[in-house]
Amino acid sequence: QGDGVKADDAEAVRWYRLAADQGNTHAQVQLATLYETGRGVQANLAEMGKWYRRAGEQGDAEGQFNLGIMYAIGKGVATNTEKTVKWFRLAANQGHVGAQWRLGAMYDLGRGVEIDYVEAAKFYRKAAEQGNADAQTSLGVMYANGSGVPADSVEAVKWLRRAAKQGSAAAQGVLGA
């Protein structure tokens with residue numbers, strides 16, 4: 001960011017690498033992001049994956065989440081739903097809101113796991129309570145349909161309104177239907 005000095009991505013890479021090589025997970029995630037975007041270094045998906053993996057294997061939720069994304073979309077690795085679920089679950093269990101929402105969706109849709117609406121609702125709720133509009137919408141729809149939770153129109157509207165207030169077109173559409 002250049003706080004107090006001129007921003008220099010190449011210099012940031014140098015410092016992040018020093019810290020990352022010493023096991024600093026924040027630096028490892030930042031370095032992976034720079035390799036992903038090509039800021040300060042040549043974009044390199046293998047290096048990106050290496051640094052996300054090092055952070056994830058040390059228990060860093062952001063590293064774990066990003067590994068899940070890599071396996072979900074095949075970015076730098078072959079797609080692998082089992083590994084996607086593994087890394088999302090590790091991150092979700094640490095409270096990573098994006099991983100919670102995505103893991104909920106995987107249970108909801110049966111991607112890499114058996115369809116389990118109760119598990120889907122559990123992970124959607126965790127993300128929804130942290131303000132994730134997508135999860136709030138999904139949880140609202142689950143209450144409206146009685147999927148994984150008892151049907152409850154009051155709860156459905158509560159969650160859908162929270163998402164709609166954040167600009168979720170999907171929630172606004174459900175409420176307006």
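It should be emphasised that the depicted structure is a prediction, and the values quoted were computed from it without experimental measurement.
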To check you understand the geometry: which heavy-atom pair defines the closest contact between L103 and A92, and what is its length? CD2-CB, 4.2 Å
Please check: side-chain N/O of E62 versus main-chain N/O of A55, any donor-acceptor pairing under 3.5 Å? no
If I compare all heavy atoms of Q42 with all of Y35, which pair ends up nearest, and what's the gap? O-CD2, 3.7 Å
Heavy atoms of A43 and E36 approach each other most closely as CB-O, 4.4 Å
Is the closest side-chain heavy-atom distance between W101 and H96 below 4.5 Å? no
Which is it for I73 and T79 under the side chain to side chain contact (heavy atoms under 4.5 Å, CB included) test, yes or no, and what are the steps along the way? CA-CA 6 Å; I73 65 173; T79 57; 5.8 Å; no
How long is the straight-line distance from NZ of K122 back to CD of E119, given to the nearest 0.5 Å? 3.5 Å
Under a 4.5 Å cut-off applied to non-hydrogen side-chain atoms, are L67 and K83 in contact? no
At their closest point, which heavy atom of A135 faces which heavy atom of Y124, and how far apart are they? CB-O, 3.4 Å
Does a side-chain heavy-atom distance below 4.5 Å link Y52 with T33? yes
Is any side-chain heavy atom of L109 less than 4.5 Å from a side-chain heavy atom of I115? no
Can you check whether A128's main-chain N or O pairs, donor with acceptor, with Q136's side chain at less than 3.5 Å? yes
Quick one: do W51 and V29 satisfy side chain to side chain contact (heavy atoms under 4.5 Å, CB included)? Show the steps, please. CA-CA 6 Å; W51 291 109; V29 168; over 6 Å; no
Within a radius of less than 6.0 Å around NZ of K158, do more than 12 heavy atoms belonging to other residues, nucleotides or ligands occur? yes
With heavy-atom distances below 4.5 Å as the criterion, would you say the side chains of Q100 and N132 are in contact? no
Main-chain N/O of G131 paired with Q166 side-chain donor or acceptor, under 3.5 Å: yes
Students often mix this up, so state it plainly: with edges at 30° and 60°, are the rings of Y107 and F123 parallel, tilted or perpendicular? parallel
Calculate, to the nearest 0.5 Å, the distance between atoms CG and CE belonging to L34 and M48 respectively. 12.5 Å
Are side-chain heavy atoms of D21 and R54 found at a separation under 4.5 Å? yes
K50 side chain near R53 side chain, heavy-atom distance below 4.5 Å: no
Within-4.5 Å side-chain heavy-atom neighbours: F88 and I69: yes
Residue R89 excluded, over 12 heavy atoms near CZ under 6.0 Å: yes
Of all heavy-atom pairs between R111 and V85, which one has the smallest distance, and what is that distance? O-CG2, 4.1 Å
Please report the closest heavy-atom contact between D60 and Q94, naming both atoms and the distance. C-NE2, 4.3 Å
Under 3.5 Å, is there a donor-acceptor pair between the side chain of T84 and the main chain of N80? yes
